[in-house]
Amino acid sequence: MKLWPSLVPYEYGFRVILFTYCLIIVSGYRMGNPITTAMDRLYSIAIGGFVAVLVNVFVFPIWAGEQLHKELVNSFNSVADSLEECVKKYLEDEGLDHPEFSKTVMDEFPDEPNYRRCKSTLNSSAKLESLANSAKWEPPHGKFRHFFYPWSEYVKVGAVLRYCAYEVMALHGVLHSEIQAPHNLRFTFYSEIQEAATHAAELVRSLGKDISNMKRSPKTSLLKKVHSSTERLQRAIDVHSYLLASNFDPPDNSSKPLTKLPVTFSTTQYDLSNPLTEFDSNSTENNLSQTNQNVPSGTPPQQTESYHEMMRKQSRRLHSWPSREVDAFEEEGGLGMDFLPRMKALESTAALSLANFTSLLIEFVARLDHLVEAVDELSKMAKFNHEGV
């Protein structure tokens with residue numbers, strides 16, 4: 001019987017039964033009266049069970065149902081806090097000081113406490129299932145006053161919440177990736193990303209609050225806010241999609257009106273509206289020739305070459321990724337004919353990092369619909385009170 005899948009959690013009980021049977025048989029064989037031994041064993045089991053129930057119910061109760069309830073509510077708050085923390089750092093990070101990726105992985109991002117809480121949510125599946133199996137044997141108590149309480153629904157809600165947490169962890173991965181979009185490009189979509197993340201986190205916290213208070217409240221208004229903010233983000237990405245590629249032609253204003261971009265975006269060194277027009281092979285040769293004319297005739301050749309090398313490094317640093325080492329181009333033969341196409345491809349890849357971040361955020365919002373449905377099903381089966389009752 002203990003090999004049946006449904007009886008696997010009770011394997012310890014089968015072992016105790018077999019041990020008791022062997023004890024009674026052996027003692028009865030040696031003493032000649034197994035009935036007395038069996039009754040003594042039965043009395044000891046009854047006394048131990050009564051003491052255990054008395055202590056766990058009246059003296060020092062530790063309910064698995066309450067722990068499961070609190071664990072699920074804390075998971076909701078962890079996901080919401082981690083989402084806001086990730087979006088805030090992504091929008092405010094200017095890429096000036098990035099530690100080595102290996103160090104940040106080993107340290108598990110010590111400056112992001114909510115990241116670790118969200119990571120623990122992903123590993124809570126076994127814990128929730130164990131608490132739910134233990135809660136099924138508990139009598140009605142506290143806020144859980146009716147029989148056959150749907151503890152299994154807590155496990156289902158936790159599973160849907162983990163799928164949302166996967167997207168948050170992916171957002172953290174983009175935040176700490178080697179390829180980063182320029183800060184001014186992120187700032188272009190600052191309001192749309194911030195608004196979508198704030199409304200999504202507010203909805204997740206509201207769901208966790210409803211479970212904590214065991215109340216049923218309509219989420220229509222919050223869902224509308226989340227969907228409308230996400231649609232604005234999608235429209236902004238669609239309208240300014242040409243910013244996510246290095247080789248683009250400005251759109252025709254007569255056919256499709258565009259919203260004017262912030263001035264800070266068009267005046268920074270990552271101006272993508274005219275990519276690399278000031279840095280091509282011809283302009284490089286002109287700058288070098290002008291520099292040769294400005295260098296005095298008595299200047300040693302080594303100093304002149306070092307000055308030219310410095311100018312080349314500065315120009316390459318200006319048009320490279322934040323994580324791209326300038327010296328890496330030395331092994332590629334310097335400023336060859338294929339240098340500009342390669343740099344344009346690298347810039348396009350860096351800009352697409354922003355598209356990756358926004359797509360993950362939109363996917364997180366899409367999964368919130370399933371989370372709302374799971375919480376609503378739990379509230380119906382658990383008979384939560386309506387808001388205001």
Side-chain angles (χ1 to χ4, degrees), residues 1-17 52-53 56-57 60-83 85-86 105-110 112-144 147-173 204-205 207-212 214 360 363-364 367-368 370-379 381-382 384:
M1 290 179 61
K2 70 178 183 178
L3 297 179
W4 293 352
S6 58
L7 298 178
V8 169
Y10 312 108
E11 183 180 359
Y12 178 75
F14 284 103
R15 292 185 180 182
V16 174
I17 291 175
V53 172
N56 287 278
V57 174
F60 191 73
I62 301 178
W63 302 108
E66 292 184 357
Q67 294 183 5
L68 175 61
H69 189 81
K70 294 179 181 178
E71 185 73 20
L72 186 61
V73 173
N74 293 334
S75 298
F76 274 86
N77 295 331
S78 300
V79 172
D81 295 340
S82 182
L83 175 64
E85 179 183 67
C86 178
V105 170
M106 294 300 295
D107 295 337
E108 292 187 350
F109 313 125
E112 301 177 17
N114 295 320
Y115 168 84
R116 294 190 295 271
R117 293 174 54 192
C118 184
K119 186 177 180 180
S120 64
T121 300
L122 299 178
N123 302 325
S124 62
S125 176
K127 184 177 182 180
L128 294 180
E129 292 180 359
S130 177
L131 291 174
N133 292 330
S134 300
K136 293 178 181 179
W137 297 94
E138 295 177 349
H141 60 278
K143 298 184 293 184
F144 319 104
F147 292 94
F148 305 107
Y149 196 82
W151 297 113
S152 59
E153 290 297 320
Y154 279 78
V155 179
K156 294 180 180 179
V157 174
V160 179
L161 182 62
R162 281 195 302 275
Y163 278 101
C164 297
Y166 291 148
E167 299 298 329
V168 178
M169 297 297 291
L171 289 172
H172 278 278
V204 174
R205 286 198 186 92
L207 294 174
K209 184 178 180 181
D210 287 348
I211 296 177
S212 177
M214 303 185 71
L360 290 173
E363 177 65 21
F364 176 83
R367 295 188 180 188
L368 289 183
H370 302 284
L371 185 61
V372 172
E373 293 177 0
V375 173
D376 186 64
E377 185 67 19
L378 171 63
S379 63
M381 298 184 65
F384 287 175

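This one's a predicted model, so the numbers in the text were calculated from it and none came from an experiment.
With rounding to the nearest 0.5 Å, the separation of CD1 in Ile211 from OH in Tyr154 is 7.0 Å. The CZ atom of Arg162 sits 12.0 Å away from the SG atom of Cys118 when rounded to the nearest 0.5 Å. Summarising the geometry, atom OH belonging to Tyr10 is positioned 13.0 Å from atom CD1 belonging to Ile17; distances are rounded to the nearest 0.5 Å. Rounded to the nearest 0.5 Å, atoms NZ (Lys156) and CG (Leu128) are 14.5 Å apart. Here the CG atom belonging to Asn56 is positioned 8.0 Å from the CH2 atom belonging to Trp63, to the nearest 0.5 angstrom. To the nearest 0.5 angstrom, Ser75 atom OG is 6.0 Å from Leu161 atom CG.
Leu207 places a side-chain heavy atom less than 4.5 Å from the side chain of Leu371. Looking at Glu85 and His172, their side chains come closer than 4.5 Å, going by heavy atoms from C-beta outward. Residues Asp81 and Arg205 have side chains in contact (heavy-atom distance under 4.5 Å, counting atoms from C-beta outward). Residues Asp376 and Ser379 are in side-chain contact: their nearest non-hydrogen atoms beyond the backbone lie under 4.5 Å apart. Proximity of Ile62 to Gln67: side-chain heavy atoms (C-beta onward) are separated by under 4.5 Å at one or more points. Residues Val79 and Phe364 form a side-chain contact, since some pair of their non-hydrogen atoms from C-beta on lies under 4.5 Å apart.
In this structure, Glu138 contributes its side chain and Gly65 its backbone to a donor-acceptor pair below 3.5 Å. At distances below 3.5 Å, at least one donor-acceptor pair connects side-chain atoms of Ser124 with backbone N or O atoms of Thr121. Between the side chain of Lys136 and the backbone N or O of Ser152 there is no donor-acceptor pair closer than 3.5 Å.
Residue Ala132 comes nearest to Val155 through the heavy atom pair CB-CG2, 3.6 Å, listed as atom of the first residue, atom of the second, then distance. For Trp151 against Ala135, the heavy-atom pair with the smallest separation is NE1-O, 3.3 Å. For Val160 against Ala374, the heavy-atom pair with the smallest separation is CG2-CB, 4.2 Å. Of all heavy-atom pairs spanning Leu122 and Ala165, the tightest one is CD2-CB, 3.4 Å. The two atoms that bring Phe76 and Val375 nearest to each other are CZ-CG2, 3.9 Å, heavy atoms only.
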Item to complete: Mind running side chain to side chain contact (heavy atoms under 4.5 Å, CB included) on Val157 and Leu72 for me, showing each step along the way?
Response: CA-CA 8 Å; Val157 174; Leu72 186 61; 4.1 Å; yes

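Annotation: salt bridge (charged side-chain N to carboxylate O under 4.0 Å, His left out) contacts of Glu373 (sequence neighbours excluded): none. Taking the side-chain hydrogen bond (donor to acceptor under 3.5 Å, both in side chains) definition, one finds that Ser78 meets it with Arg117, sequence neighbours left out.
Between Phe144 and His69, the ring center distance clears the sub-6.0 Å criterion.
Residue-environment remark: NZ (Lys127) stays at or below the threshold of 12 foreign heavy atoms within 6.0 Å. Counting non-hydrogen atoms of other residues, nucleotides and ligands closer than 6.0 Å to OH of Tyr163 gives a total of 12 or fewer.
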